[in-house]
Amino acid sequence: MELPKEAGVHSVNLGKLYCNKFVALSLEKQWWMHPSWGNSANDVPAETQLLLMRLSHPGDSTANEAYLIILPLLNDTFRSSLSAGANGAL
């Protein structure tokens with residue numbers, strides 16, 4: 001994917017995630033992180049820097065529990081974060 005260099009903010013949809021519980025660490029202020037808990041990907045706060053989710057799929061039993069951690073990357077020229085999108089997308 002190529003993005004225009006002049007744009008300051010780029011939004012990329014990671015797709016729809018099914019989860020029944022999560023814990024997220026998001027930026028409260030420039031130097032402070034704030035924990036959040038929720039039951040749906042729709043509840044992920046803006047500026048999330050770490051996301052740990054217990055995945056689920058509609059109609060699947062909890063015997064096949066799986067966990068997913070998403071840690072946005074950064075370097076000298078950019079930083080990334082997560083936020084909730086429409087209909088359970090990140």
Side-chain angles (χ1 to χ4, degrees):
M1 169 187 346
E2 289 190 32
L3 301 172
K5 291 186 179 194
E6 64 274 359
V9 176
H10 304 289
S11 294
V12 177
N13 185 344
L14 296 179
K16 188 167 186 169
L17 292 176
Y18 296 96
C19 74
N20 52 18
K21 288 189 179 182
F22 75 81
V23 62
L25 295 177
S26 59
L27 288 177
E28 180 72 20
K29 295 185 179 181
Q30 184 176 6
W31 306 108
W32 296 101
M33 301 288 270
H34 181 266
S36 300
W37 296 267
N39 298 320
S40 166
N42 291 329
D43 300 331
V44 174
E47 294 293 328
T48 293
Q49 302 296 305
L50 182 137
L51 180 62
L52 174 62
M53 306 174 84
R54 183 168 69 184
L55 301 178
S56 66
H57 195 278
D60 195 6
S61 71
T62 58
N64 296 325
E65 287 184 352
Y67 291 85
L68 171 70
I69 189 165
I70 301 175
L71 185 63
L73 300 175
L74 63 117
N75 73 9
D76 293 338
T77 59
F78 75 91
R79 71 175 187 87
S80 59
S81 64
L82 302 170
S83 64
N87 300 322
L90 279 181

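Source: prediction; values computed, not measured.
Leu51 and Leu68 fall within the same hydrophobic cluster, defined by Ile, Leu, Val, Met, Phe, Trp and Tyr side-chain heavy atoms under 4.5 Å apart, directly or through other members. Residues Leu25 and Leu14 do not share a hydrophobic cluster, clusters being chains of Ile/Leu/Val/Met/Phe/Trp/Tyr side chains in contact below 4.5 Å. Under the 4.5 Å side-chain heavy-atom criterion for grouping Ile, Leu, Val, Met, Phe, Trp and Tyr, Phe22 is not connected to Leu27 through any hydrophobic cluster. Residues Ile69 and Val23 share a hydrophobic cluster, clusters being chains of Ile/Leu/Val/Met/Phe/Trp/Tyr side chains in contact below 4.5 Å.
Nearest heavy-atom pair across Gln49 and Ser81 is NE2-CB, 3.3 Å. Nearest heavy atom pair, residue Cys19 against residue Met53, reads SG-CE, 3.3 Å. Across all their heavy atoms, Ser83 and Ala46 have their closest contact at CB-CA, 3.7 Å.
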Run Leu55 and Tyr18 through side chain to side chain contact (heavy atoms under 4.5 Å, CB included) and show every step you take. CA-CA 6 Å; Leu55 301 178; Tyr18 296 96; over 6 Å; no
Between side-chain atoms of residues 31-40 and protein atoms elsewhere (two or more places apart, or another chain), which donor-acceptor pairs fall under 3.5 Å?
unit_1, atom_1, unit_2, atom_2, d
Ser40, OG, Asn42, N, 3.1

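Listed by first then second residue, pairs satisfying salt bridge (charged side-chain N to carboxylate O under 4.0 Å, His left out) with a partner in residues 32-57 read Glu47-Arg79, Arg54-Glu65, not counting sequence neighbours.
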